[in-house]
There are 2 protein chains.
Amino acid sequence: MGNKKKATIKDIANVLNISPAAVSKALHNDSRISDKTKKAVRQVAKNLNYQPNHLASALRKGKSNLVGLIVPRTNSNFFSSVIQNIEEVLNKEGYNVIITQSNESYKKECDNIDTLLFTQVDGIIASMANETVDLDYYEKVKSKGIPLILFDRGENDLNVDYIGINDYDSSHMIVEHLVNQGCKRIAHIGGFKHTRIYNNRIKGYIDAIKKHNLPLENELLIESNLSIKDGRAKMQQLLNLKNRPDAVYVAGDYAALGALQVLNEQHINIPKDIALVGFGNEPFTAMVTPSISSINQHSEDIGKRAALTFLEHAKKDVITQTLNKQILDAELVIRASSDIKKSH
Amino acid sequence: MGNKKKATIKDIANVLNISPAAVSKALHNDSRISDKTKKAVRQVAKNLNYQPNHLASALRKGKSNLVGLIVPRTNSNFFSSVIQNIEEVLNKEGYNVIITQSNESYKKECDNIDTLLFTQVDGIIASMANETVDLDYYEKVKSKGIPLILFDRGENDLNVDYIGINDYDSSHMIVEHLVNQGCKRIAHIGGFKHTRIYNNRIKGYIDAIKKHNLPLENELLIESNLSIKDGRAKMQQLLNLKNRPDAVYVAGDYAALGALQVLNEQHINIPKDIALVGFGNEPFTAMVTPSISSINQHSEDIGKRAALTFLEHAKKDVITQTLNKQILDAELVIRASSDIKKSH
DNA sequence: TATATTTGCTTAAACGATTAAGCAAATATA
DNA sequence: TATATTTGCTTAATCGTTTAAGCAAATATA
């Protein structure tokens, strides 16, 4: 009973005794088809439960109306929100989004790219895995003439569109805030230096520390993969120092959470003994005790802009990769973990 | 420069002076093509950077090798993990997964179904939105003869495959655990009764309460949309009772978090004054203070089974919807929020 | 040697929609 | 009335791949 053959435009044509071409045109509201025929076609289409075969039209038109998305993971609020906003913008324009996750793995990312190319996507929007250093696969996308838009985790060497926040300035904001709270010895648990955004956060940290004439020491600047676990380890490393910091700025919320756990377990008062600031404004930062100050990256805006940037490329058929680096300002959300003045 | 026309099998055929058909067969390792030709074809394909046109083959073969996925949201650990495992299984078999989010909205869910049907997916794996009551759209999928597999949020009325945990038994486990901790007045903040899984949790709660001769009162059994906010509201409602409960079992972790916030804010001791248990084992349950006991739903297993169930359907071309309801046992993870004995 | 089988291809028709080109009938313009 | 234009379709090619059918040459079998 479920064996209903799907109706095609040919079936509609047969019912009405007109050509399939006329049906196609009627469905596309071509001006050269009479209103009478159009109405009839639409009626029959409805009756037959006609659903256009996307594969056929995509093949013929040379575009699939699919956009590929690559994110490190979907279970972070940032990426999930970016995804949602990309979908919102693109669905309206008739595009569908294929979401893939790299799980921070370079290999999986390459597989995803192959998969997306194989699926004939019209464009790829991606945020690179932490691991990714080699850009060959992205060059492959570029060489195919498929629009490529990076967000958050991008790369300067790849000459493509990019949307992200101003990581350098954000670091400045954080250090400035901590200085205002009276902190004198600020540590930074940063991400991988080879990832541009983390490198920029590190640079911002260094310059801001210098600006305020605070101690800039190797032992206060630590590289991390920013997982919860590593956040714990790196916080412990800081606690083991003879001269402990009075503030820690962590380049990611998950690692900041790990740090917070260690501090709580060892009954170190946050923020009085050590103030803590994270990055990303994941919802849990507001849920934990004490709540963690963090940087809001405006994921909605990033998602929307990424989608719009793709659309711009899609509209002009000439494949001119006019570069478009959009750097947005972020916002520091101050919570209990660094609000020393209020905590008195 | 980026204007490289994509190579087709025709191009390969021209280079080697053979027919496109021979090329196609060579690439598919047809036994009727000589090894010599196969090697030559593969070499030329590599040289030309040939990438098969998925649309064309899908059109010809009548299957797209795409599987549609509908989840209420991606930014929960449960769904994200299910997605990851579905992808893992299906990618190995040459399928790609199109992920869509309903954001718990019935309308968005219908749009997603239309989108997936339009994209000619070979099957749909879905977990329904909280809002969804009307099943017409799912019937539409069934009537098209496309395999449909539900997980977690399913419906008995829809006669399709389903993979989920035993919600009824899970409620029993929780109540039993709370009884063992010495609780005598156990409340339940449940989900919508019209959603089967939440209804089963409610039934399990009721039967377990009866079994232990505990008070089963209307004011202790509350329906909620299980958001953080509503969790807060419903917890406050319980606190306003003349006769407060000494334990609260919340049918979702996010709502449990809201409840925990209210309890913490009012300096009610968890678990001594009121014990708390959530559902879903979201990572944050282990992060907050106190950590929240919860039910681990084995998302990996659910994802893998959903994918395998689809593959079974895909293999047999006869569209026999042999029903396959897989109900897995869940696991109670006991944490500080309900560990009264240890907390002394 | 004659016939059957296997090997290694080619030819051509699909899959379903789109679209350039064409053509008769209806209508407009001179 | 003669010519030009518009209307409303049809025809046929096309997108890139797959595949049933066919066919000659090579090899095997009787």
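Letters go in sequence order (proteins before strands), and every chain restarts at 1. Model, not experiment: these values are computed from the prediction.
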Worksheet item: Who pairs with A/D122 by side chain to side chain donor-acceptor pair (under 3.5 Å), at least two apart in sequence or on another chain?
Response: A/S64
Item to complete: Using Watson-Crick or G-U wobble pairs with both distances under 3.5 Å, give me DNA chain D in dot-bracket, 5' to 3', with [ ] for crossers and | for pairs to another strand.
Response: ||||||||||||||||||||||||||||||
Item to complete: Report the distance from atom CD1 of A/I18 to atom P of C/dA17, rounded to the nearest whole Å.
Response: 13 Å
Worksheet item: What pairs of residues pass the ring pair (Phe, Tyr, Trp, His ring centres under 6.0 Å) test when at least one of them lies in residues 127-159 of chain B, not counting sequence neighbours?
Response: none
Fill in: Qualifying residues under side-chain contact (heavy atoms from CB on, under 4.5 Å), relative to B/E104, sequence neighbours excluded
B/P72, B/R73, B/A129, B/N130, B/R153
Worksheet, complete the sentence: Applying side chain to side chain donor-acceptor pair (under 3.5 Å) to A/N75 and not counting sequence neighbours gives B/N77
Response to the item:
In short, ring pair (Phe, Tyr, Trp, His ring centres under 6.0 Å) pairs touching residues 69-105 of chain A with sequence neighbours left out are A/Y95-A/F310
Discussion item. Output the rounded distance in Å from CG (A/D30) to P (C/dT19).
Written reply: 10 Å
Item to complete: Write down the distance between NZ (B/K25) and C1' (C/dA12), rounded to a whole number of angstrom.
Response: 12 Å
Worksheet item: CG/B/N49 to CG/B/D11 distance, rounded to the nearest 0.5 angstrom?
Response: 12.0 Å
Fill in: Between C/dC15 (C1') and B/L59 (CG): distance, integer Å
4 Å
Item to complete: Round to a whole Å and report the spacing from CG of A/L27 to C1' of C/dA17.
Response: 10 Å
Item to complete: Among A/L328, A/N85, A/I86, find the residue that satisfies the side-chain contact (heavy atoms from CB on, under 4.5 Å) test when tested with A/I302.
Response: A/L328
Discussion item. For the residue pair A/S105 / A/S102, report whether a side-chain donor-acceptor contact shorter than 3.5 Å exists.
Written reply: no
Worksheet item: Tell me, which of residues 9-17 of chain B have any heavy atom that sits under 4.0 Å from an atom in DNA chain D?
Response: B/I9
Item to complete: Give B/S57 one of three labels, base, sugar-phosphate or nothing, depending on what nucleic acid heavy atoms sit under 4.0 Å from its own.
Response: sugar-phosphate
Worksheet item: If you round to the nearest 0.5 Å, how far is CD1 of B/I98 from OG1 of A/T100?
Response: 11.5 Å
Practice prompt. Give A/S19 one of three labels, base, sugar-phosphate or nothing, depending on what nucleic acid heavy atoms sit under 4.0 Å from its own.
Written response: base
Worksheet entry | 5' precedence on DNA chain D between B/A56 and B/R32 (nearest-nucleotide basis) | B/A56
Response to the item:
Here the gap from B/L27 atom CG to B/I9 atom CD1, rounded to the nearest 0.5 Å, amounts to 7.5 Å
Item to complete: Enumerate the residue pairs fulfilling side-chain hydrogen bond (donor to acceptor under 3.5 Å, both in side chains) with a member in residues 13-32 of chain A, sequence neighbours excluded, ordered by first and then second residue.
Response: A/N29-A/K38
Item to complete: Using the salt bridge (Lys or Arg N to Asp or Glu O under 4.0 Å) rule, collect all pairs that involve residues 46-62 of chain B, keeping only residues at least two apart or in two chains.
Response: none
Worksheet item: NZ of B/K325: more than 12 outside heavy atoms within 6.0 angstrom?
Response: yes
Item to complete: Find the distance A/H28:NE2 to C/dG16:C1' and express it as a whole number of Å.
Response: 12 Å
Worksheet item: Looking for any heavy atom pair under 4.0 Å, which part of the strands does A/L55 touch: base, sugar-phosphate only, or nothing?
Response: nothing
Worksheet entry | Interface limits on DNA chain D, where chain A has a heavy atom under 4.0 Å of a nucleotide atom | D/dT7 to D/dG16
Worksheet item: Which residue, B/K61 or B/D35, contacts DNA chain C at a nucleotide closer to its 5' end, judged by nearest heavy atom?
Response: B/D35
Item to complete: Using side-chain contact (heavy atoms from CB on, under 4.5 Å) as the criterion, list what pairs up with A/F118, not counting sequence neighbours.
Response: B/P52, B/H54, B/N96
Worksheet item: By a strict heavy-atom criterion of less than 4.0 Å, which residues belonging to residues 37-51 of chain B are in contact with DNA chain D?
Response: B/Y50
